[in-house]
Visitor: 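There's a structure below that I have some questions on.
Positions are given from 1 along the sequence. Small disclaimer: the values here were computed from a predicted structure and weren't measured.
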Amino acid sequence: MDIISVLDKITSKENLESIKKNVSELYADIENHPKKIISYDLNGDGQSIKKELLLKELKQILDTRTIERTKYYINRLLKSLSVQKAGKINDLNLNRWKEYEDILTDSLWIFDKRDTSGMHKAGYWGNFIPQIPNQLLRRYSKKGEWVLDPFLGSGTTLIECKRLGRNGVGVELNPGVAKSADSIIEKEKNPFKITTKVITGNSRTFDHKSELKKLKTETFQFAIMHPPYWDIIKFSNNKDDLSNAKSVQDFLKMFGEVVNNFFPVLSKGRYCAVVIGDKYVSGEWIPLGFYVMQEMMKTGFKLKSTIIKNFDQTTAKRNQKELWRYRALAGGFYIFKHEYIFLFQK
């Protein structure tokens, strides 16, 4: 369908009634089109747009009352169809920003259930839901760029890297977990032919520069961290494991060393996200998330956003819902139903 030529011809007219008539005819053609995606040609290249979105744009044009406003909307539609306005840190076409309805821009994230498609599984204790790296990678990285996950776990971030066309490096302290993650990531399809690498190592001391040199690149363009929430879950017996920190001060010191270690190899102006929750101990709420936020800023990161994400209850808590409600009423506290996603810029 030659949408651009049709719109070009319409804009050359000076009679509002005639313009509306032609737009109405185009609307009817699009509405009767059998496919949900409308293909069109742009300088010999095949392009496409969602039928639903195109109809909304045409409806807005039909609802205008003046020829100036009508032509303004037609020209805006033409621009969205023919001009790519790329973001500085992502592949989003900002001239077609309305298409990205599934990309979140609010600071409250509510997910009904986790994505379990492909190799995404919920078996690893404490892994985050795939929608988090999916959202962040699409907003803060481009295809072909390099992403670092210093707390790889079961490999959720690198699975999303494969799906979205980002190269990914994940560092995991536990050899058994790293081996399992590598196996899982390997099974995920790789349509963009990118590189993912799982490294068994300590993110506090790992030589990122040497690894990047091997990969023939100099820096990462995005980093995402989902560290242990101190000792809520014991991930290993390793003394270098943050979940074995003896105190919150020790935990923060170890976490700070991880951040200081990769800070030099993150490109200037690029972003890092931290997914973290708080902790409740002996009748006292420990604001672990905000302590971690402060550690990030000590390193030199600038806080850009604080996102609240709804927290899926553990199976144990789900099965003891009434008991936890009683404990909250009796103990004067509130049950955890959220965690934080802090977004920082270097």
Side-chain angles (χ1 to χ4, degrees), residues 1-112 115 131-132 134-143 163-165 269 271 304-310 341 343 345:
M1 183 174 288
D2 198 357
I3 306 171
I4 292 178
S5 293
V6 172
L7 290 170
D8 269 332
K9 288 178 182 178
I10 293 173
T11 57
S12 67
K13 298 189 176 184
E14 296 300 331
N15 182 275
L16 181 58
E17 185 177 342
S18 179
I19 291 174
K20 291 287 188 77
K21 181 177 179 294
N22 290 153
V23 173
S24 183
E25 289 170 353
L26 179 59
Y27 185 97
D29 288 342
I30 300 294
E31 191 174 34
N32 292 325
H33 197 281
K35 296 183 179 180
K36 293 182 178 180
I37 302 295
I38 306 296
S39 299
Y40 64 96
D41 180 75
L42 178 64
N43 301 324
D45 293 329
Q47 303 290 325
S48 64
I49 185 172
K50 290 180 181 178
K51 175 180 175 179
E52 180 184 7
L53 180 62
L54 186 53
L55 288 174
K56 284 182 180 179
E57 295 294 311
L58 292 172
K59 177 67 167 57
Q60 187 175 38
I61 295 168
L62 290 170
D63 288 340
T64 56
R65 295 182 179 181
T66 66
I67 193 167
E68 292 79 12
R69 181 55 58 177
T70 303
K71 285 195 172 187
Y72 168 79
Y73 283 132
I74 293 174
N75 286 321
R76 191 180 70 174
L77 177 56
L78 270 169
K79 187 177 180 181
S80 73
L81 293 171
S82 58
V83 179
Q84 171 81 23
K85 184 181 179 182
K88 292 181 180 179
I89 55 169
N90 55 47
D91 294 319
L92 305 180
N93 182 355
L94 297 179
N95 280 334
R96 293 173 64 166
W97 61 272
K98 291 183 181 180
E99 291 187 40
Y100 307 112
E101 294 177 343
D102 64 323
I103 294 183
L104 301 172
T105 53
D106 294 332
S107 62
L108 177 62
W109 290 10
I110 298 176
F111 299 109
D112 294 331
D115 177 9
Q131 290 95 319
I132 293 176
N134 179 280
Q135 288 284 330
L136 294 170
L137 289 171
R138 290 162 70 195
R139 285 287 305 277
Y140 300 104
S141 68
K142 298 185 176 208
K143 287 185 177 69
R163 291 183 169 191
L164 297 171
Y271 289 73
K304 292 290 287 187
S305 288
T306 298
I307 300 160
I308 304 298
K309 180 212 159 278
N310 66 309
I341 303 170
L343 185 70
Q345 185 180 26

Visitor: Using modelled atom types and a 3.5 Å cut-off, is there a donor and acceptor pairing between side-chain atoms of K143 and backbone atoms of L164?
Guide: no
Visitor: Would you give the length of the straight line joining atom NZ of K51 to atom OG of S39, rounded to the nearest 0.5 angstrom?
Guide: 13.0 Å
Visitor: Above 12 or not: heavy atoms from other molecules or residues under 6.0 Å from CD of E52?
Guide: no
Visitor: Salt bridge (Lys or Arg N to Asp or Glu O under 4.0 Å) between K50 and E57: does it pass, once the steps are laid out?
Guide: CA-CA 11 Å; K50 290 180 181 178; E57 295 294 311; over 6 Å; no
Visitor: Going from CD1 on I307 to CG on L104, what distance comes out if it is rounded to the nearest 0.5 angstrom?
Guide: 8.5 Å
Visitor: G87 and L94: which non-hydrogen atoms are nearest, and at how many Å?
Guide: CA-CD1, 4.4 Å
Visitor: Does K21 come within less than 4.0 Å of E25, counting only side-chain N to carboxylate O?
Guide: yes
Visitor: Check each of L62, N75, T64 against T70 using the side chain to side chain contact (heavy atoms under 4.5 Å, CB included) test, and report the only one that passes.
Guide: T64
Visitor: Tell me whether the guanidinium CZ or amine NZ of R69 lies under 6.0 angstrom from the six-membered ring centre of Y72 and within 45° of its axis.
Guide: yes
Visitor: Nearest heavy-atom pair of S48 and R96: which atoms, and what distance?
Guide: O-NH2, 2.6 Å
Visitor: Could you point out which residue of L58, I4, N95, V23 forms a side chain to side chain contact (heavy atoms under 4.5 Å, CB included) with L77?
Guide: L58
Visitor: Test side-chain contact (heavy atoms from CB on, under 4.5 Å) on L136 and I341 and set out the steps.
Guide: CA-CA 10 Å; L136 294 170; I341 303 170; 4.3 Å; yes
Visitor: What's the shortest heavy-atom distance between L16 and I67, and which atoms?
Guide: CD1-CA, 3.9 Å
Visitor: Mind running side-chain contact (heavy atoms from CB on, under 4.5 Å) on L81 and Q47 for me, showing each step along the way?
Guide: CA-CA 8 Å; L81 293 171; Q47 303 290 325; over 6 Å; no
Visitor: For the atom pair OH (Y100) and OG1 (T105), what is the distance rounded to the nearest 0.5 Å?
Guide: 14.0 Å
Visitor: For Y27 and L55, work out which heavy atoms get closest and say how close.
Guide: CE1-O, 3.4 Å
Visitor: Can S5 and D2 be counted as having a side-chain donor-acceptor contact under 3.5 angstrom?
Guide: yes
Visitor: Ignoring hydrogens and geometry, is there a side-chain-to-backbone donor-acceptor pair from D106 to L108 under 3.5 Å?
Guide: no
Visitor: Where the side chain of N310 meets the backbone of F111, is there a donor-acceptor pair that is under 3.5 Å apart?
Guide: yes
Visitor: Yes or no on side-chain contact (heavy atoms from CB on, under 4.5 Å) for N93 and K85, after CA distance, side-chain angles and deciding distance?
Guide: CA-CA 5 Å; N93 182 355; K85 184 181 179 182; 4.0 Å; yes
Visitor: Roughly how far, to the nearest 0.5 Å, is OG of S107 from CG of L343?
Guide: 12.0 Å
Visitor: What heavy-atom pair brings Q60 and R76 nearest, and what distance separates the two atoms?
Guide: OE1-NH2, 2.8 Å
Visitor: Kindly give the heavy-atom pair with the smallest separation between D8 and T11, and that separation in Å.
Guide: O-OG1, 2.7 Å
Visitor: For I74 and I19, run side-chain contact (heavy atoms from CB on, under 4.5 Å): C-alpha distance rounded to whole Å, both residues' side-chain angles, the deciding distance at 0.1 Å, then the answer.
Guide: CA-CA 10 Å; I74 293 174; I19 291 174; 3.8 Å; yes
Visitor: Taking side chain as C-beta onward, heavy atoms only, is Q131 less than 4.5 Å from W109?
Guide: no
Visitor: Could I get the full list of side-chain hydrogen bond (donor to acceptor under 3.5 Å, both in side chains) partners for N134, not counting sequence neighbours?
Guide: R138, E160
Visitor: Any chance you could measure L54, atom CG, to I49, atom CD1, to the nearest 0.5 Å?
Guide: 5.0 Å
Visitor: Atom NZ in K71, atom OG1 in T66: separation rounded to 0.5 Å?
Guide: 11.5 Å
Visitor: If only atom types and distance count, is the side chain of Q135 paired as donor or acceptor with the main-chain N or O of D102 below 3.5 Å?
Guide: yes
